[in-house]
2 protein chains.
Amino acid sequence: MSDLFPKKGHDHDRCVHSALAQAEKVCDAENARFTDMRRKVFTLIWQSHKAVTAYELLDALTAEGQRVQPPTVYRALEFLTELGLVHRIESLNAYFGCDRPDCEHLGQYFICTDCGRVAEAVNEEMSNAVRKAAMGVGFTIQATTVEIKGLCHDCATH
Amino acid sequence: MSDLFPKKGHDHDRCVHSALAQAEKVCDAENARFTDMRRKVFTLIWQSHKAVTAYELLDALTAEGQRVQPPTVYRALEFLTELGLVHRIESLNAYFGCDRPDCEHLGQYFICTDCGRVAEAVNEEMSNAVRKAAMGVGFTIQATTVEIKGLCHDCATH
DNA sequence: GATGAAATGTTATAATATATCATTTTCTGA
DNA sequence: TCAGAAAATGATATATTATAACATTTCATC
């Protein structure tokens, strides 16, 4: 069984740091500005292993001393989502960092209903099944939402 | 290519009627009451080929002469959803009738972003891919959301 | 430094959803 | 059949999520 979540003891700060570097690269490539606000929102999202709601981000930013209004957060989220740096988890109305912003992919999300952690998978078998099914009914895919809720291994066994 | 939506000329009233009959059977089997309100909401959902929002249902009921408040609609939706008679489309915050309320299944939804129509699929290849992926990471599935947005064949070609 | 485009600030409000308590309806068992 | 309990609905208020519209600031470019 492969790991759903990062192994114990992994250096999360380092992950966040590397995600930031990736994000910068992507923005650069797209000629998009990775502004302060966008960086802050991105970082807050990446600092969590759970999906984060817009208003949680709002609160976090306010706690940091910035007085911020909803549109500011939603704009940052829209920007990050459009570049593929962050994914929206539809069934949670919340946002989650994307591991692989640099390549096109149909991602899948595992959401543990017990501990709340989220993990992105890029499983070709799932993606291909979706693509094939769409093809079979003459459907042209624009976007897919694959969210799987249940118990992660830790929560199921402990 | 198989059809995504019902063929032209199919008798939709008859579909709705048969869905109602099915719903009654399911409620019976579960010892659940298919009350007037629940029947009305169910029917309104089935009369549409699109997903319907709670407030659209509210408006429709009000137009029918009932003065109805949000909790009433949400309660009916919760009831119908729990029995599997209706599915929530997470990416639309809307509801859609389920063809196969009598059997357990992991459904998939095709949503045309042009005409707005929705179709449920029960594609074993997709379901199995999801189950297998979950198994592979030791994840116990409670519920899945598979929503595919894009262009249906009609909209892509016309 | 002037200019225009992009980003953010600000205010207001729309859209979606639920908590709580009151009332009515339905079922159950004496 | 009717008293009591359970289920469903009504009513009121409010929480949560999201966007519209216009003002101001920031930033790249000339």
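Sequence lines set the chain letters: A, B, ... in the order given, protein chains first and strands last, and positions in each chain run from 1. Keep in mind that this is a model prediction, so the values were computed, not measured.
Comparing B:F79 and B:N93, the nucleotide of DNA chain D nearest to each residue sits closer to the 5' end for B:F79. Between B:D36 and A:Y95, the residue anchored nearer the 5' end of DNA chain D, judged by the nucleotide with its closest heavy atom, is B:D36.
Judged by distance alone, the side chain of A:Q142 and the main-chain N or O of A:T140 form no donor-acceptor pair under 3.5 Å. A distance-only check finds no donor-acceptor pair linking the side chain of B:Q108 to the backbone of B:I148 [under 3.5 Å]. Judged by distance alone, the side chain of B:E120 and the main-chain N or O of B:D99 form a donor-acceptor pair under 3.5 Å. Within the 3.5 Å criterion, the main-chain N or O of B:C27 finds no donor-acceptor partner in the side chain of B:E30. When atom types are taken as modelled, the side chain of B:H153 and the backbone of B:D3 share no donor-acceptor pair closer than 3.5 angstrom. Looking at B:T72, its side chain never comes within 3.5 Å of a backbone N or O of B:V68 through a donor-acceptor pair.
Rounded to whole Å, atom C1' of D:dA7 lies 15 Å from atom CE of B:M37. Atom CG in B:L83 sits roughly 10 Å away from atom P in D:dA8 (whole-Å rounding). Note: CG (B:L80) to P (D:dA8) measures 12 Å, nearest angstrom. To the nearest angstrom, P of D:dA28 lies 12 Å from CG of A:D28. Regarding A:I89, its CD1 atom lies at a distance of 15 Å from the P atom of D:dT17, rounded to whole Å. With rounding to whole Å, A:L77 atom CG is found 12 Å from D:dT17 atom C1'. A:E56 places its CD atom 14 Å from the C1' atom of D:dA15, with the value rounded to the nearest Å. What separates OH of A:Y55 from P of D:dA18 is a distance of 8 Å, to the nearest Å.
Cluster annotation: B:L20 is connected to B:L80 through the hydrophobic network of ILVMFWY side chains, with a link wherever side-chain heavy atoms come within less than 4.5 Å. Note on B:Y55: it clusters hydrophobically with B:F42, by side-chain heavy-atom contacts below 4.5 Å among ILVMFWY residues.
First and last contacts of DNA chain C with chain A, using any nucleotide atom under 4.0 Å from a protein heavy atom and ordered 5' to 3', fall at C:dA6 to C:dT11.
Defining each end axis of the helix from C:dG1-D:dC30 to C:dA30-D:dT1 as the rotation carrying four pairs' C1' atoms onto the next four, with five pairs an end, the two axes are found to diverge by 30° to 10 degrees.
Within a heavy-atom distance below 4.0 Å of DNA chain C, the residues of residues 67-75 of chain A found are A:Q69, A:P71, A:T72, A:R75.
Here B:C98 contributes atom SG and B:Y109 contributes atom OH; the two are 5.0 Å apart, rounded to the nearest 0.5 Å.
Between D:dT9 and B:R38, a contact under 4.0 Å exists linking OP1 or OP2 to a side-chain N or O. Remark: B:T35 is in phosphate contact with D:dT9, judged by side-chain N or O atoms under 4.0 Å from OP1 or OP2.
Both cation-pi conditions hold for B:R38 and B:F79: the charged atom is under 6.0 angstrom from the six-membered ring centre and inside a 45 degree cone around its axis.
A donor atom on one side chain and an acceptor atom on the other are not found under 3.5 Å apart for B:E90 and A:T145.
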Check the pair A:E147 / A:S91 against side chain to side chain donor-acceptor pair (under 3.5 Å), numbers first and verdict last. CA-CA 7 Å; A:E147 295 169 8; A:S91 62; 2.6 Å; yes
